[in-house]
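This report concerns only the one structure given below.
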Protein chains: 2
Amino acid sequence: MGDPRTGIGRPTTIVDIARAAGVSKSTVSLVLKGSSLVKTETRERVEAVIERFGYVYNRGAANLRTATSSFVGMVISDLTNPFFAELAVGIEEALYQLGFVPILANTNEDLERQGHVLRSMREHGVAGIIMSPARGTDAWTLANLPARSMPMVITMRRILGSPLPYVGPDNQAGARKAVEHLIGLGHRRIAFMGGFASMTTQQERIAGWRDALLAAGLPFDEGLIFESMPTRDGGKKALEAALATPRPPTAVFCYNDIVAMGATRALSTRGIRPGLDVGVVGFDDIDEAEHNAPPLTTVSADTRAMGARCADSLLGLIRGSGAADMSYTGETRLVVRESCGAPFAARKREYA
Amino acid sequence: MGDPRTGIGRPTTIVDIARAAGVSKSTVSLVLKGSSLVKTETRERVEAVIERFGYVYNRGAANLRTATSSFVGMVISDLTNPFFAELAVGIEEALYQLGFVPILANTNEDLERQGHVLRSMREHGVAGIIMSPARGTDAWTLANLPARSMPMVITMRRILGSPLPYVGPDNQAGARKAVEHLIGLGHRRIAFMGGFASMTTQQERIAGWRDALLAAGLPFDEGLIFESMPTRDGGKKALEAALATPRPPTAVFCYNDIVAMGATRALSTRGIRPGLDVGVVGFDDIDEAEHNAPPLTTVSADTRAMGARCADSLLGLIRGSGAADMSYTGETRLVVRESCGAPFAARKREYA
DNA sequence: CCGTTGATTTGGAACGGTCCAAGTCGCTCG
DNA sequence: CGAGCGACTTGGACCGTTCCAAATCAACGG
């Protein structure tokens, strides 16, 4: 057993405590879980010994018997993306509140790695998994995962055809709001920028963009879609592609904030003033968005709350609720700052 | 036991496999660890059954017996800070390679929370902990942690007086390089911006700043230190404070990239051109740095590699190496981009 | 035909908890 | 005075592995 002073040696167990306190291990176990069955005097004696020995509860051993686990797998596709970092923080915080402990895996969009970590997590006995799937994950892969038949919620990237509960923002409605705002500002030629058609998130955001266009009686022109990696660099390239076009757009609605930041930056370096000469709006409302030059108008999905919602849904699943009931589509909110040209439009009105 | 088809019911154990394969559980255990002791024919038979039953190895049970663990605690002070996100990714990646599984906790700079997660991790039987301590963590706290006497490496924020191994960049040398570069560009009034004197990291970076100043025969003026939160907003405020001064600096060396980004942004909104009118340099070289307006000159510490180094050091500690030997100070490298005024200076030379 | 050897296989005690049926103890009540 | 009761306490099986000493088996040499 561990020496109370040095902490050296075999770690102290419940049996050591029992012996030292002159009770049975059952009683110590009872004390540990704060049962009202044990006499106050006994409890105090045991607690004193626990304190003196610096005893550490072995949750793993306990879980073996009860066949439960307080671990939850948190599989993130790209943690260096500030959006996913924020999501991860939301999930972690909520799990902590619920008494769960997150095991982290950053798949870095690697399907093979994703398979590995899923298997590893299962072996480590997680109670469930929250996953933002790597690009390319499809329903079939998901259904044949080593981790099938374990509680799992998918977040942020909908997998068509998968029965797993999905938690994410209402991309279509959010995109529509953003584009309607641009239209309200007087824009008539609005491009969509970033992402690829294979991403369900892009599909949904494009659908919202088209909805807004069509509702305003504007033409839906596929030529105004500029695909790119969903990165700053992608935004830059997409914007350059748009500018190289015979009739460049007067505003761009971007796949996400990162793309929008790349786009505003590319505009600036060419001497075109984002927010004044060209309207730009993003999606996600990451922290950096308000510090961009100019501050980004964007669609907020309340990422942290979404993370909390993932944890709630997983808990529901673990407790036995149906997968369908645990899906959740979050409301979105348009955050108007300067990149869309709102202040410019306002100023125009002011002097008109 | 779990039904091979539906996966419903009690999970399959090694004993179920043994029974079905007509061998003892010892043999199955041997097969599982790829022992050469079992006959090929037997191995194949057992493996077939394992496959058919979709058996999942229970690492927790195994660890109970062997008193080992493949968990490592990863305690991060602020995961929404892109620098720490990058560090976390580096650590996670390295741990994964080494066969460890990271348990994540984001303390959000909360000391109480830090105490909780450390205790929780110990109960969950982590093999060791890698921690970027929350602000305010001191040697005394660390020494009296519930997790004392467990392998632990501290990263990115040195705790004075603690015997724990520390992994971090050479802040002083890095800062000195940055300021020397600024001096070489012709700057004579160089401010230090961001962080607080209570942070060891700030102390080290300020020391480097002073070293460079003194080595160049420039006065070391405490009035040129503008403290602030190490955030974008802090950078903005610090810069405004500097501008409100009778003799504003012509260049600023910032506590980190985030502060520098806040500073460049504040400059821009006041019509002062960062990189042309005022030199700005950051520290950390986060991903965003090169996409800033203008791209940030900064000191790179190779954050990912630093994360890997944390994992290596922890492994060393677990294997029994002395704490002192596991400390590591990483080389830094100045990354010259545009914010320091280098291109401006170059242009000046060009036309001179 | 038996002892020996090397190759395989195995039984059962750990590991550190939880759980529950059963036990102990001091009182009260008839 | 003994049964009954409530308050506490306890022994020992059990969770799913690992480990090791011992058992089994087949083949070989004498």
Side-chain angles (χ1 to χ4, degrees), chain A residues 1-2 9-47 49-50 53-71 120 122-127 150, chain B residues 1-2 9-47 49-50 53-71 120 122-127 150:
Chain A
M1 109 192 55
R10 177 170 63 80
T12 310
T13 75
I14 211 177
V15 180
D16 300 320
I17 302 296
R19 196 166 14 237
V23 297
S24 75
K25 64 183 165 67
S26 301
T27 303
V28 178
S29 177
L30 254 14
V31 169
L32 251 19
K33 54 184 31 147
S35 163
S36 61
L37 256 48
V38 344
K39 209 195 314 189
T40 311
E41 184 197 311
T42 312
R43 175 204 314 294
E44 283 165 357
R45 187 152 39 93
V46 172
E47 279 169 347
V49 177
I50 286 178
F53 278 59
Y55 164 76
V56 180
Y57 182 74
N58 184 333
R59 207 169 288 276
N63 290 344
L64 177 56
R65 177 67 222 271
T66 58
T68 61
S69 161
S70 45
F71 289 121
S120 162
R122 202 155 71 129
E123 289 190 356
H124 281 94
V126 297
M150 106 153 355
Chain B
M1 106 190 60
R10 177 170 63 78
T12 309
T13 75
I14 212 178
V15 181
D16 300 320
I17 301 296
R19 194 162 19 233
V23 297
S24 76
K25 64 185 162 60
S26 302
T27 304
V28 179
S29 176
L30 254 14
V31 169
L32 251 17
K33 54 184 30 147
S35 163
S36 62
L37 257 46
V38 344
K39 209 194 318 187
T40 311
E41 183 198 313
T42 312
R43 175 203 315 293
E44 282 165 358
R45 187 151 38 96
V46 171
E47 279 169 348
V49 178
I50 286 177
F53 279 59
Y55 164 76
V56 181
Y57 183 71
N58 184 333
R59 207 168 288 275
N63 289 346
L64 175 59
R65 178 67 227 268
T66 58
T68 62
S69 161
S70 45
F71 290 120
S120 162
R122 204 156 69 130
E123 290 190 354
H124 281 94
V126 298
M150 106 152 356

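Below, read A as the first sequence line, B as the second, and so on, with proteins coming before strands; counting in each chain starts at 1. Keep in mind that what you see is a predicted model, and the values were worked out from it rather than measured.
- Of all nucleotides listed (C/dT9, C/dT18, D/dC19), C/dT9 comes nearest to the side chain of B/Leu37.
- Contact annotation: B/Ser26 side-chain N/O to D/dC19 OP1/OP2 distance is not under 4.0 Å.
- As judged by a 4.0 angstrom heavy-atom cut-off over every strand, B/Leu32 is placed among residues making no nucleic acid contact.
- Across all strands, A/Ala61 comes closer than 4.0 Å to base atoms (heavy-atom distances).
- Nearest to the side chain of B/Ala62, among D/dT17, C/dG17, D/dC15, sits D/dT17.
- Counting any heavy atom pair closer than 4.0 Å across all strands shown, A/Val15 reaches no nucleic acid atom.
- Across every non-hydrogen atom of A/Asn63 and A/Ser70, the tightest pair is ND2-N, 4.2 Å.
- The phosphate of C/dG17 (OP1 or OP2) has no side-chain N or O of A/Ser29 nearer than 4.0 angstrom.
- Counting only heavy atoms from C-beta outward, the side chains of A/Lys25 and A/Thr13 never approach each other to under 4.5 Å.
- Across C/dA13, C/dG17, D/dT9, the shortest atom-to-atom separation from the side chain of B/Arg65 is found for C/dA13.
- When heavy atoms are screened at a 4.0 angstrom cut-off, B/Lys25 is found touching base atoms of the nucleic acid.
- Look at CG on A/Asp16: it is 10 Å from C1' on C/dG16, rounded to the nearest Å.
- Between the CG atom of A/Leu30 and the C1' atom of C/dC19 there is a distance of 10 Å, rounded to whole Å.
- Of the two residues near DNA chain C, B/Leu64 and B/Ser36, the one whose nearest nucleotide lies more 5' is B/Ser36.
- The residue A/Thr66 sits close only to the backbone: its heavy atoms come under 4.0 Å of sugar-phosphate atoms, none of a base.
- Residue B/Ser24 places no side-chain atom within donor-acceptor reach of the base of C/dG11, judged by atom type and a 3.5 Å distance cut-off alone.
- Contact annotation: A/Lys33 side-chain N/O to C/dC19 OP1/OP2 distance is under 4.0 Å.
- Side-chain N/O atoms of B/Thr27 include none lying less than 4.0 angstrom from OP1 or OP2 on C/dT9.
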